[in-house]
Amino acid sequence: MNLRQQLTKALFYTSASSPDSLPEDIGNEVAFAGRSNAGKSSAINKLCSQKSLARTSKTPGRTQLINFFTLSETNKLVDLPGYGYAKASQSKQQKWIELLEYYFAHRQSLRGTVILMDIRHPFQDADLAMIDWCSHHQCELHILLNKVDKLSRNQSFKQLKLAEKQLSNFPKELVSAQLFSAANGTGMDELIKKLEMWFDK
Ligand code: GDP
């Protein structure tokens, strides 16, 4: 089955709340991260052509967990907990940081991380921390400047140029960015190409 077909068949697999509850570290994984409300769930649902796949990750009690979805025997999508949520308690945030730190430092199957940002206010502190984190662990990352449908073509390309400038501080082979809309599917082909590259690595 090709990746597009695998995506439509994505199934919830398991959740992890701590390093010792992570599933076995085998095969290939691509993780999705983003500030709460950036559109991560919408993007995963659109990517998989499934209306409520990532709703699993939004059910109360699951929002602070790492949620795994199987695509094939070897491939998984990983929905990382949304960050930058002001209401989360200090102890919850600390637990989240520890889990994520462990995940990025140890996960052998991680091929790359997609980071969702709202194109109207990208590169907030928490996003920059996430980018630092990935590149520190030599993890490739691909940024989706999401909700491009909210801006004019001109404004969108301006934002993309600004993003590319921001990213020029990081190793070129590790980072990339594109325009995206989980609402209307803009940029979907480009995203799937990136995922194919990562899963084939
Ligand atoms: P998450 O918290 O990152 O999982 O974000 P959600 O997927 O729940 O999206 C947050 C809000 O942004 C919802 O109201 C979505 O309908 C909206 N949204 C997500 N993606 C887009 C997009 O590409 N365009 C527009 N206009 N709205 C979007």
Side-chain angles (χ1 to χ4, degrees), residues 2-12 29-59 62-63 66-69 71 75-85 111-131 134 139-168 170 172 174-199:
N2 66 31
L3 182 61
R4 275 175 203 271
Q5 291 165 323
Q6 289 180 21
L7 288 164
T8 63
K9 300 210 180 311
L11 277 179
F12 175 70
E29 284 173 15
V30 171
F32 281 72
R35 284 170 59 82
S36 302
N37 235 28
K40 179 163 58 71
S41 310
S42 308
I44 292 175
N45 288 340
K46 186 82 177 172
L47 178 66
C48 299
S49 314
Q50 297 189 39
K51 281 210 174 71
S52 60
L53 186 69
R55 199 192 292 159
T56 325
S57 314
K58 289 213 152 187
T59 48
R62 282 229 174 102
T63 53
I66 301 185
N67 292 294
F68 292 81
F69 299 89
L71 301 181
N75 295 346
K76 289 192 204 68
L77 279 191
V78 183
D79 189 1
L80 300 176
Y83 49 81
Y85 191 56
R111 299 287 166 264
T113 302
V114 175
I115 300 182
L116 270 286
M117 296 182 195
D118 187 322
I119 189 164
R120 296 165 300 176
H121 29 86
F123 298 103
Q124 311 254 329
D125 288 348
D127 296 317
L128 291 169
M130 180 60 80
I131 296 170
C134 288
C139 173
E140 284 191 41
L141 61 97
H142 185 62
I143 291 171
L144 300 184
L145 296 168
N146 189 35
K147 310 195 186 183
V148 70
D149 56 288
K150 294 272 194 189
L151 297 184
S152 71
R153 235 180 110 76
N154 247 338
Q155 288 171 319
S156 304
F157 280 102
K158 233 188 218 165
Q159 286 298 78
L160 181 60
K161 285 275 161 279
L162 280 175
E164 283 166 351
K165 204 166 163 203
Q166 282 257 12
L167 293 174
S168 60
F170 295 91
K172 225 188 165 127
L174 288 184
V175 298
S176 51
Q178 67 159 100
L179 301 175
F180 193 78
S181 168
N184 67 18
T186 299
M188 188 56 79
D189 289 346
E190 194 176 344
L191 170 61
I192 289 181
K193 253 190 211 142
K194 188 80 200 184
L195 298 183
E196 278 171 343
M197 246 179 55
W198 280 345
F199 279 121

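Just so you know, these numbers use all the heavy atoms, side chains as well, and skip hydrogens, waters and symmetry mates.
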(request) Determine, step by step, whether Asn75 and Val30 satisfy the side-chain contact (heavy atoms from CB on, under 4.5 Å) criterion, reporting the C-alpha distance in whole Å, the side-chain angles of both residues, the deciding distance to 0.1 Å, and the verdict. (result) CA-CA 8 Å; Asn75 295 346; Val30 171; over 6 Å; no
(request) Decide yes or no on side-chain contact (heavy atoms from CB on, under 4.5 Å) for Leu47 and Leu195, but give the supporting numbers first. (result) CA-CA 11 Å; Leu47 178 66; Leu195 298 183; 3.7 Å; yes
(request) Check step by step if side-chain contact (heavy atoms from CB on, under 4.5 Å) holds for Tyr83 and Asp127. (result) CA-CA 9 Å; Tyr83 49 81; Asp127 296 317; 2.9 Å; yes
(request) Verify side-chain contact (heavy atoms from CB on, under 4.5 Å) between Lys161 and Phe157, making sure each step is shown before the conclusion. (result) CA-CA 6 Å; Lys161 285 275 161 279; Phe157 280 102; 5.6 Å; no
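Although no hydrogens or angles enter the test, the distance criterion places no donor-acceptor pair under 3.5 Å between the side chain of Glu140 and the main chain of Arg111. Distance alone, capped at 3.5 Å, places no donor-acceptor pair between the Gln178 side chain and the Leu145 backbone. A distance-only check finds a donor-acceptor pair linking the side chain of Asn146 to the backbone of Ala182 [under 3.5 Å]. Judged purely by atom type and a 3.5 angstrom limit, Lys40 uses its side chain to pair as donor or acceptor with the backbone of Leu80.
No side-chain heavy atom of Val78 sits under 4.5 Å from any side-chain heavy atom of Phe69. Between Ile143 and Ile131 there is a side-chain heavy-atom pair separated by less than 4.5 Å. Using a 4.5 Å heavy-atom threshold, the side chains of Thr186 and Asp149 count as separate. Two residues are said to be in side-chain contact when any heavy atoms from C-beta on lie closer than 4.5 Å; Val114 and Trp198 meet this criterion. Using a 4.5 Å cut-off on side-chain heavy atoms (C-beta onward), Ile115 and Phe32 make no contact. Counting only heavy atoms from C-beta outward, the side chains of Leu128 and Gln166 approach each other to under 4.5 Å.
The pair Glu190-Lys193 does not count as a salt bridge, with every side-chain nitrogen at least 4.0 angstrom from each carboxylate oxygen. Using a 4.0 Å cut-off between a side-chain N of Lys or Arg and a carboxylate O of Asp or Glu, Asp189 and Arg4 qualify as a salt bridge.
Rounding to the nearest 0.5 angstrom, the gap separating the OG atom in Ser36 from the CG atom in Leu116 is 11.5 Å. One distance of note links CG of Leu160 with CD of Gln155; it measures 13.5 Å at 0.5 Å rounding. Here the CD1 atom belonging to Ile44 is positioned 7.5 Å from the CG atom belonging to Leu53, to the nearest 0.5 angstrom. Rounded to the nearest 0.5 Å, atoms CG (Leu7) and CE (Met188) are 9.0 Å apart. The CG atom of Leu162 sits 7.0 Å away from the NZ atom of Lys165 when rounded to the nearest 0.5 Å. The structure places NZ of Lys158 at 14.5 Å from CZ of Arg153, a figure rounded to the nearest 0.5 Å.
Shortest non-hydrogen contact noted between Cys48 and Leu77 is SG-CD1, 3.9 Å. Residues Cys134 and Leu141 approach most closely at CB-CD2, 3.3 Å, considering heavy atoms. The shortest non-hydrogen separation linking Arg35 to Ala126 is NH1-CB, 4.3 Å. Here the shortest heavy-atom pairing between Phe180 and Ala43 reads CE2-CB, 3.9 Å. For the pair Ile66 and Phe68, the tightest heavy-atom approach, listed with the atom from each and the gap, is CG2-CE1, 3.5 Å. Summarising the geometry of Leu3 relative to Leu71, their closest heavy-atom pair is CD1-CD1, 4.1 Å, with the distance given to 0.1 Å.
The closest side-chain donor-acceptor pair between Ser156 and Gln159, if any, does not fall under 3.5 angstrom. A side-chain donor-acceptor contact under 3.5 Å links Asn184 and Ser181.
Heavy-atom neighbours of Asn154 CG from other residues, nucleotides or ligands within 6.0 Å: at or below the threshold of 12.
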